[in-house]
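Working notes for the structure below.
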Amino acid sequence: AQTYMTLLRIYWLGRMHNSAVETFLEMSNSGYTPNTFARNIVVDVLFKLKDGDAALRFFREIPTPNFLSYNIVISNLCELNNWPEVCKTVKEMMRKGFVPDDRSLIGMLNCVGKFHKTREMFQVLGLMISLGYQLTVTTWTILIDGLCRIGKVCLAISLLKKMKSSGVHPNVVTYTTLIKGCFENDMPAEVSNLLENMEDEGLSHDLVFSNTLMDCLAKSGMYDEATTVFCSLHERNLTPDSYTYSSMLPILSSSGNLDLLSSLLNGPDAFFDKVLFNSMLNFYCRIGRPRLAVKVFNRMMTAGYTPD
RNA sequence: ACUAAGUGUAA
């Protein structure tokens with residue numbers, strides 16, 4: 001049984017989900033009775049194999065689920081955005097005297113915050129506070145993100161202030177969220193304040209931050225500013241990725257950089273992803289360069305993608 | 001005992 005358990009854990013940690021399931025079956029067939037730990041691994045693995053229904057069925061058949069069983073189920077359900085099932089599981093868990101851990105709570109916050117369920121978001125916050133959890137940067141950032149997504153940027157900004165006055169320091173993720181919120185809600189004036197704050201707080205821009213900034217600037221028609229950010233990438237030691245280029249496509253063409261774009265196709269397969277290929281296809285077709293679009297299409301095939 | 005929160009395409 002020890003050997004099987006070790007194998008199970010190795011496959012689990014190594015993301016070899018199918019092997020994990022096989023090991024579990026073999027273990028059961030060899031006459032061993034898997035303990036709750038082993039069963040928890042299978043639940044998680046079934047979720048990772050995208051079979052949420054099977055995972056739930058398997059979970060319900062665990063004779064003595066422990067608090068980890070519940071936390072595994074809850075955080076996976078959160079990723080699947082299955083909020084009703086999350087609620088049921090949390091209630092059942094608490095009825096048994098277990099309490100959701102911080103990972104489950106953060107998953108829950110994020111699950112409702114992303115989808116404009118503001119009421120539920122504050123209910124989860126209330127639960128967290130009543131369970132005595134300290135608010136962390138991550139928690140604050142999810143709340144701020146939730147508010148930005150429903151267009152309440154002013155509230156989000158006052159939350160930022162509250163966060164700081166409670167002694168928690170915002171990070172790049174917090175500012176990425178806020179800046180995107182400002183652009184999407186026509187509050188560009190706030191953006192420069194936020195950028196100044198970041199500077200004062202000594203936070204440096206990472207690639208996601210820069211990509212977000214470029215995308216927002218591009219969508220607001222501020223091509224020069226977006227180009228400045230693009231050119232500043234290498235002095236920040238950042239390498240543009242597929243996100244960068246799919247945001248910058250229209251700008252590179254209007255600034256006469258079509259050559260740079262087609263030279264991208266010489267890059268390694270790993271640089272590309274499906275969205276970038278689709279963006280380029282769409283882009284070349286729209287600007288009336290079907291031959292270039294065909295080149296992109298062929299490159300896409302050699303990179304092993306199938307058109308969707 | 002796995003995992004944390006922020007970015008891109010078409011319709």
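Throughout, protein chains are lettered first and strands after them, A, B, ... in sequence-line order, and every chain is numbered starting at 1.
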Out of [options], which nucleotide sits closest to the side chain of [X]?
{"X": "A/Val173", "options": "B/rA5, B/rA1, B/rU9", "result": "B/rA5"}
{"X": "A/Ile106", "options": "B/rA4, B/rG8, B/rA1", "result": "B/rA4"}
{"X": "A/Thr177", "options": "B/rA1, B/rU7, B/rG6", "result": "B/rG6"}
{"X": "A/Arg149", "options": "B/rG8, B/rA4, B/rG6", "result": "B/rG6"}
{"X": "A/Ile72", "options": "B/rA1, B/rA5, B/rG8", "result": "B/rA1"}
{"X": "A/Tyr243", "options": "B/rA1, B/rA5, B/rU7", "result": "B/rU7"}
{"X": "A/Asn278", "options": "B/rA4, B/rA5, B/rU9", "result": "B/rU9"}
{"X": "A/Asn66", "options": "B/rG6, B/rG8, B/rA1", "result": "B/rA1"}

Quiz question: by atom type and distance under 3.5 Å, do the side chains of [X] and [Y] form a donor-acceptor pair?
{"X": "A/Asn66", "Y": "A/Ser69", "answer": "yes"}
{"X": "A/Asn266", "Y": "A/Ser263", "answer": "no"}
{"X": "A/Lys152", "Y": "A/Asn185", "answer": "no"}
{"X": "A/Thr138", "Y": "A/Thr141", "answer": "no"}

Expected output: side-chain A/Asn76 to main-chain A/Ile72 donor-acceptor under 3.5 Å: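 Yes; at least one donor-acceptor contact below 3.5 Å.
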Spacing between [X] atom [atom1] and [N] atom [atom2], to the nearest angstrom:
{"X": "A/Gln134", "N": "B/rA5", "atom1": "CD", "atom2": "C1'", "answer": "18 Å"}
{"X": "A/Asn76", "N": "B/rA4", "atom1": "CG", "atom2": "C1'", "answer": "13 Å"}
{"X": "A/Met214", "N": "B/rG6", "atom1": "CE", "atom2": "P", "answer": "18 Å"}
{"X": "A/Leu252", "N": "B/rG8", "atom1": "CG", "atom2": "P", "answer": "18 Å"}
{"X": "A/Tyr245", "N": "B/rU9", "atom1": "OH", "atom2": "C1'", "answer": "17 Å"}
{"X": "A/Asp145", "N": "B/rU7", "atom1": "CG", "atom2": "P", "answer": "7 Å"}
{"X": "A/Leu77", "N": "B/rU3", "atom1": "CG", "atom2": "P", "answer": "19 Å"}
{"X": "A/Leu105", "N": "B/rU3", "atom1": "CG", "atom2": "C1'", "answer": "14 Å"}

With a 4.0 Å cut-off on heavy atoms, is [X] in touch with a base, just the backbone sugar-phosphate, or nothing at all?
{"X": "A/Leu13", "answer": "sugar-phosphate"}
{"X": "A/Leu276", "answer": "base"}
{"X": "A/Phe209", "answer": "base"}
{"X": "A/Ile142", "answer": "sugar-phosphate"}
{"X": "A/Asp44", "answer": "base"}
{"X": "A/Asn171", "answer": "base"}

Does any residue of residues 280-291 of chain A have a heavy atom under 4.0 Å from RNA chain B, and if so, which ones, in number order?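 The answer is A/Asn282.
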Got a list of side-chain donor-acceptor pairs under 3.5 Å for residues 297-308 of chain A, not counting sequence neighbours?
{"residue": "A/Asn298", "atom": "ND2", "partner": "A/Val294", "partner atom": "O", "Å": "3.4"}
{"residue": "A/Arg299", "atom": "NE", "partner": "A/Leu265", "partner atom": "O", "Å": "2.7"}
{"residue": "A/Arg299", "atom": "NH1", "partner": "A/Asp269", "partner atom": "OD1", "Å": "2.9"}
{"residue": "A/Arg299", "atom": "NH1", "partner": "A/Thr302", "partner atom": "OG1", "Å": "3.2"}
{"residue": "A/Arg299", "atom": "NH2", "partner": "A/Gly267", "partner atom": "O", "Å": "2.8"}
{"residue": "A/Arg299", "atom": "NH2", "partner": "A/Asp269", "partner atom": "OD1", "Å": "2.7"}
{"residue": "A/Thr302", "atom": "OG1", "partner": "A/Arg299", "partner atom": "O", "Å": "2.9"}
{"residue": "A/Tyr305", "atom": "OH", "partner": "A/Phe272", "partner atom": "O", "Å": "3.3"}
{"residue": "A/Asp308", "atom": "OD2", "partner": "A/Asn278", "partner atom": "ND2", "Å": "3.3"}

Do the side chains of A/Tyr70 and A/Glu92 get nearer than 4.5 Å, heavy atoms only?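 Of all side-chain heavy-atom pairs linking A/Tyr70 with A/Glu92, at least one is under 4.5 Å.
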My understanding is that a hydrophobic cluster links ILVMFWY residues whose side chain heavy atoms are under 4.5 Å apart, including indirect links. Using that, what else belongs to the cluster containing A/Phe115?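 Result for A/Phe115 is none, singleton.
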